[in-house]
Amino acid sequence: MKIVIINYGAGNIQSIKFAIKRLGYQAVLSHDLKEIQQADKVIFPGVGEASSAMSKLRASGLDKIIADLKQPVLGICLGMQLMCNASEEGTTEGLGIFDIDVVKFNPSNPKGGVKIPQIGWNQIYNLKSDLFNEVEENEHIYLVHSYYAPLCDETIATCKYGQEYSAALQKNNFYGTQFHPEKSSVVGEKILLNFLRIKS
Amino acid sequence: MLAKRIIPCLDIKDGRTVKGINFVDLRDAGDPVELAEIYSREGADELVFLDITATEQKRKTLADLVYRVAEKVNIPFTVGGGISSVEDVDMLLQNGADKVSINSSAVKNPKLINDLAAKFGSQCIVVAIDAKQIDGKWMVHLVGGKVPTELDLFEWAKEVEKRGAGEILFTSMDNDGTKDGFANEALSRLSTQLNIPIIASGGAGTVQHFTDTFLEGKADAALAASVFHFKEIEIKDLKKELQKNGIPVRI
């Protein structure tokens, strides 16, 4: 199985490569369009700011190919957010795979103000996809983010911080997790392994 | 619910852990990677590596260590100690660190916080602040609390947040090493006045101290070294007790 981690200069991607290696698979880092298109599994990471990450995708032509990929694709953190319609962060357009706009947490939300960024371990529930095979409801996963995708038809896991939002999304062969499976201990490893086992 | 975090801190010199560490099951008590794996298994939510190496080899040995930790450990970790430039941070993140912590370099050059947040995002920038009370005022100190500055803790913390820090690691020099509990009054003020997570450090001695710092100090995370290294407190027991006290933790 050929696993490619899209390398477009957005943050710490070693951790994902290492996590996959701990599961007994090898992944390569690549920004080569052909290599990405021919992979069996594609992981689309991302850490940092949305509009500058989008610019990097455009500069390398990646923005044109990701939404057309046919194999299972997993966006992680900012990667997931960039797969949405748009992001409030730097008011940028996204890849338009998930039909939802990413917005910022509201520190003065009357229902419960929250610190920004959310950093740490929170629980996921209403799990609805093969991505969560053998994962219990309310397990803790690790997140670091200031922006979020609201609940929508494509939500496959819910998290609550001030209000409920999408901890994970899925549409056809596209999966996205707001949390970092590569940093979410044993639970995260199960989720990554579930992704790697999805039939192409 | 977002869990309160428990963070063991490891002091590193020349790529090895310093301070006595009392783990009978360690093959090599000085190997940070092995210790990190053990803490991760025991339920630590995060790890901090504080590098106190003062040699010219520092950058390379630290980068190597970060790489080896990232290879093995499946929870997030922060690296701090003498980090003073965008290049330093870039290298550590490239090698697999999740966050970096800056301290003296931020005081000397506050713009570094803006530069790092702009390039790497606030989420990976922790600003560590050491402070102690002088005539009733909390004053920021440098070099492990040895050198006083003119900065007021609360003013500096607000500035740090404004410049783009994602988290503050506050160590009370008055409490550090005492095992008498965390500086909960100052912590609570920080947590109320700021809107970024606050990590409490300095003074952990008992399980009750952790409960207090989460309830009274309103801390988002608590960091400690010796109580964990010497197994005076087991992380598993600590978390069970916190849960009993109604504090959300990851078990």
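The shown structure was predicted, so the numbers you read here are calculated from the model rather than taken from an experiment. Throughout, a chain's letter reflects where its sequence line sits, starting with A, and its residues are numbered from 1.
Proximity to chain A is absent for every atom of B:A118, based on heavy atoms less than 4.5 angstrom apart. Contacts of A:Q118 with chain B are made by side-chain atoms alone, with heavy-atom separations under 4.5 Å and no backbone atom involved. Only the backbone of A:S184 comes within contact range of chain B, with at least one heavy atom under 4.5 Å from a heavy atom of that chain. Contacts of B:R250 with chain A are made by both backbone and side-chain atoms, with heavy-atom separations under 4.5 Å.
Here the OG atom belonging to B:S122 is positioned 14.0 Å from the NE2 atom belonging to A:H145, to the nearest 0.5 angstrom. For the atom pair CG (B:N74) and CD (A:E182), the distance works out to 10.5 Å, reported to the nearest 0.5 Å. Residue B:E161 holds its CD atom at 9.5 Å from CD1 of A:I116, rounded to the nearest 0.5 Å. The CG atom of B:L93 sits 9.5 Å away from the OG atom of A:S15 when rounded to the nearest 0.5 Å.
Inspection of non-hydrogen atoms places B:G166, B:E167 of residues 163-170 of chain B under 4.5 Å from chain A. Near-neighbour residues of residues 191-199 of chain B relative to chain A, defined by a heavy atom under 4.5 Å from a heavy atom of that chain, comprise B:S191, B:L194, B:N195, B:I196, B:P197, B:I198.
Using modelled atom types, one side-chain atom of A:W121 and one backbone atom of B:D45 make a donor-acceptor pair closer than 3.5 Å.
Atom NZ of B:K58 has more than 12 heavy atoms from other residues, nucleotides or ligands within 6.0 Å. Counting non-hydrogen atoms of other residues, nucleotides and ligands closer than 6.0 Å to CD of A:E93 gives a total of 12 or fewer. With a 6.0 Å radius and a threshold of 12 heavy atoms from other residues, nucleotides or ligands, A:M1 has its CE atom above the threshold. In A:R58, the CZ atom is crowded: over 12 heavy atoms of neighbouring residues, nucleotides or ligands sit closer than 6.0 Å.
For residues 24-61 of chain A, every residue pair satisfying the ring-ring contact (aromatic ring centres under 6.0 Å, His included) rule, not counting sequence neighbours, is listed here: A:Y8-A:F44.
Considering only heavy-atom pairs separated by less than 4.5 Å from chain A, the leading option among B:S40, B:A70, B:A3, B:P76 is B:P76. Ranked by heavy-atom pairs under 4.5 Å with chain B, the list A:N138, A:V144, A:I119 is led by A:I119.
Side-chain contact between A:F18 and B:K72 is absent, with no heavy atoms from C-beta onward closer than 4.5 Å. Side-chain contact check for B:E46 versus A:Y142: some heavy-atom pair is nearer than 4.5 Å.
Nearest heavy-atom pair, B:L2 versus A:G120, reported as atom, atom and distance to 0.1 Å: CD1-C, 3.8 Å.
When only modelled atom types and interatomic distance are considered, B:N95 and A:Q14 share no side-chain donor-acceptor pair under 3.5 Å.
Screening A:K21, A:R22, A:K17 for a salt bridge (charged side-chain N to carboxylate O under 4.0 Å, His left out) with B:E71, the sole residue that qualifies is A:K21.
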*asked:* Using side chain to side chain contact (heavy atoms under 4.5 Å, CB included), reason through A:K183 and B:F77 one step at a time and then give a plain yes or no.
replied: CA-CA 9 Å; A:K183 287 288 164 180; B:F77 67 97; 3.8 Å; yes

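Scanning for side chain to side chain contact (heavy atoms under 4.5 Å, CB included) contacts around B:S105 gives B:S84, B:I102, B:L112, with sequence neighbours left out.
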